[in-house]
Amino acid sequence: MSSALLADLRARGLIFQIAGEDDLPGWLDSGVRTLYCGFDPTADSLHIGSLVPLLMLRRFQLAGHRPLALVGGATGLIGDPSFKARERQLNTADVIAEWVDKIRLQVSRFIDFDAGPVSAEVVNNLDWTRDMSVLTFLRDVGKHFSVNAMIQKESVKQRIERDGSGISFTEFTYMILQSYDFAELNRRYGCGLQLGGSDQWGNITGGIDLTRRMYGEQVFGLTMPLITKADGTKFGKTESGTVWLDPARTSPYAFYQFWLNTGDVDVYRFLKYFTFLPVADIDALERADAERQGRPEAQAILAREVTLLVHGEAGVQAAQRITEALFSGALEQLSAGDLAQLRQDGLPATTLDPDTLPSTLTQLLTESGMASSGKQVKDALGRQAVTINNRSLGWEDNDRIAACFNPELALHGRYYVTRLGKKKYHLFELG
RNA sequence: GGAGGGGUUCCCGAGUGGCCAAAGGGAUCAGACUGUAAAUCUGACGCGAAAGCUUCGGUGGUUCGAAUCCACCCCCCUCCA
């Protein structure tokens, strides 16, 4: 059964490297195994970069194993230098503790805590490092590490060799801390497999070595590939920044839109990475899309599936409702209730006070967050790329803001659906 | 502590007294073409509606004029002790 899991993961392209490759299938097949993946609190929310590992834990759980999600209350205090170009700024312990709590909750929605012998658990590495003394650490843990080997690790090599940026002892030590996590989880839970992104290879093998040295146990490591886009730009970023899992940071609508905008070249690969749809189905979809004229179906399925995983059915409903209303262009068909709902569902919105309107559109649209500078608005206006309730505006309308928001033009007397470019929507509502 | 190299607009990276709001590339935004795609082409890209205002690690100084010269300071890197 578990060998089947590995085969599926391989078919999905989710396996980058395996440590202990020959013995891993047998180990997995011979019973319920405990595995873990760590998530460091570098912000108060995870972003979609953590999605692959989170779903990975779930894949293992569905295959009959027990996942541990480690939240790095301790490692988050230090900062992982792996493949980072420069030293990072430390955050205070209070801040990290706060983030740990939030991330613990976030992580929890992806794994099942009530699944009998394979029930998941969230652990925090601060629990076993907080009270450890420096001397104990140096004597019992540090002694197992060779600095000669550590500086050879690819993940820190650049930092050690490269001109213009070095590495502090603090960050250099990160690997030892994470390695100790693996050993400790092995001791406490019998945990025998660590998952991580491909950038974690060095840290994972460090943990494997330490576990062997401290407890004589053979443990395994598995890394997932870095998610890339075919055009070479960074995955997981949009014009408005990182795509977060927290709906307060990235609304389900924005989240849905992110996936809907996936390029054709990437979408089938992403379906394999980010959904639980069978590989055969995804391949069939790809063939069907190839024969179809025009727009493929894959993006809509991807957007639906991933939004469902992260934001639930209600999130999908909201996202689709907004998408349909806006992109069909049939604004006049929306009832007042629909518009109020859109706002509640996460469509960016601003309440306008007719008496204190700014004097220009550039100002209003910048302040509302639709554009990052007046120049952009100016450019868009000059190209007829701004519309209010489907009425196109030009540069000459910039200072005729009262006319643009004339109550007679409002939907249901108070709503203005404003669009900048093809995809950026904002709802203005008279207060 | 000593010697050397370096800190430029989101990123990389030119610029070494005026023609510099600062080349070029990337990223980003908008338009055309489309399928809310890709590729391509076009425009924008410090802030500002404009007048104009504020930038080149920091603070002072030289000069009619400084990212460019000088002084001091801060930070980073390399080598030596």
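More than 12 heavy-atom neighbours from other residues, nucleotides or ligands sit within 6.0 angstrom of CZ on A/Arg292. With a 6.0 Å radius and a threshold of 12 heavy atoms from other residues, nucleotides or ligands, A/Glu332 has its CD atom above the threshold.
The gap from the P atom of B/rU8 to that of B/rA44 amounts to 26 Å, rounded to the nearest Å. Here the separation of B/rA67 from B/rC56, taken at their P atoms, is 7 Å to the nearest Å. B/rG17 and B/rG4 have their C1' atoms separated by 27 Å, with the value rounded to a whole Å. For the P atom pair drawn from B/rC29 and B/rA37, the interatomic distance equals 12 Å after rounding to whole Å. One P atom belongs to B/rA22, the other to B/rG61, and the distance between them is 27 Å to the nearest Å.
Across all strands shown, B/rG43 forms a Watson-Crick or G-U wobble pair, both distances under 3.5 Å, with B/rC29. Taking a pair to require two hydrogen-bonding distances under 3.5 Å in either a Watson-Crick or a G-U wobble arrangement, B/rG60 pairs with B/rC70. Under the Watson-Crick and G-U wobble criteria, each requiring two contacts below 3.5 Å, nucleotide B/rU78 is paired to B/rA3. The pairing partner recorded for B/rA49 is none, the criterion being a Watson-Crick or G-U wobble arrangement whose two distances lie under 3.5 angstrom. Taking a pair to require two hydrogen-bonding distances under 3.5 Å in either a Watson-Crick or a G-U wobble arrangement, B/rC19 remains unpaired.
Between A/Asp246 and A/Ala248, the closest heavy-atom pair is OD1-N, 2.8 Å. For the pair A/Ser198 and A/Pro225, the tightest heavy-atom approach, listed with the atom from each and the gap, is OG-C, 4.3 Å.
Defined by atom type and a distance below 3.5 Å, a donor-acceptor pair is missing between the side-chain atoms of A/Thr262 and A/Arg269. Side-chain atoms of A/Gln200 and A/Asp80 include a donor-acceptor pair closer than 3.5 Å.
The aromatic rings of A/His412 and A/Tyr415 sit perpendicular, their planes meeting at an angle over 60°, well past the 30° parallel limit.
The side chain of A/Lys229 places no N or O atom within less than 4.0 Å of a non-bridging phosphate oxygen (OP1 or OP2) of B/rA27.
Between A/Phe110 and A/Leu46, every side-chain heavy-atom pair lies at or beyond the 4.5 Å cut-off.
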Exercise. Using a cut-off of 4.0 Å between protein heavy atoms and nucleotide atoms, how would you tag nucleotides 38-53 of chain B 5' to 3' with B, S and -?
Worked result: -S---B---BBSS---

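Evaluation of atom-type donor-acceptor distances gives a pair under 3.5 Å for the side chain of A/Lys422 against the base of B/rU34.
Checked against the 6.0 Å centroid criterion, the rings of A/Phe274 and A/Phe235 qualify as a close aromatic pair. In summary, the aromatic rings of A/Phe60 and A/Tyr36 are positioned with their centroids too far apart to meet the 6.0 Å limit.
Near RNA chain B, defined here as any heavy-atom distance below 4.0 Å, the residues from residues 320-328 of chain A are A/Thr323, A/Phe327, listed numerically. Listed by residue number, A/Arg295, A/Pro296, A/Gln299 are the residues of residues 290-309 of chain A with a heavy-atom contact under 4.0 Å to RNA chain B.
Going from atom CD of A/Gln257 over to atom P of B/rA37 covers 10 Å, rounded to whole Å. The distance between atom OH of A/Tyr425 and atom P of B/rA30, rounded to the nearest whole Å, is 12 Å. A/Trp259 places its CH2 atom 16 Å from the C1' atom of B/rA37, with the value rounded to the nearest Å.
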Exercise. Can A/Trp201 and A/Phe16 be said to form a ring-ring contact (aromatic ring centres under 6.0 Å, His included), step by step?
Worked result: CA-CA 10 Å; A/Trp201 182 252; A/Phe16 186 71; 8.2 Å; no

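With A/Phe182 as the partner, the side chain to side chain contact (heavy atoms under 4.5 Å, CB included) test is satisfied by one option alone out of A/Asp209, A/Ile208, A/Leu210: A/Ile208.
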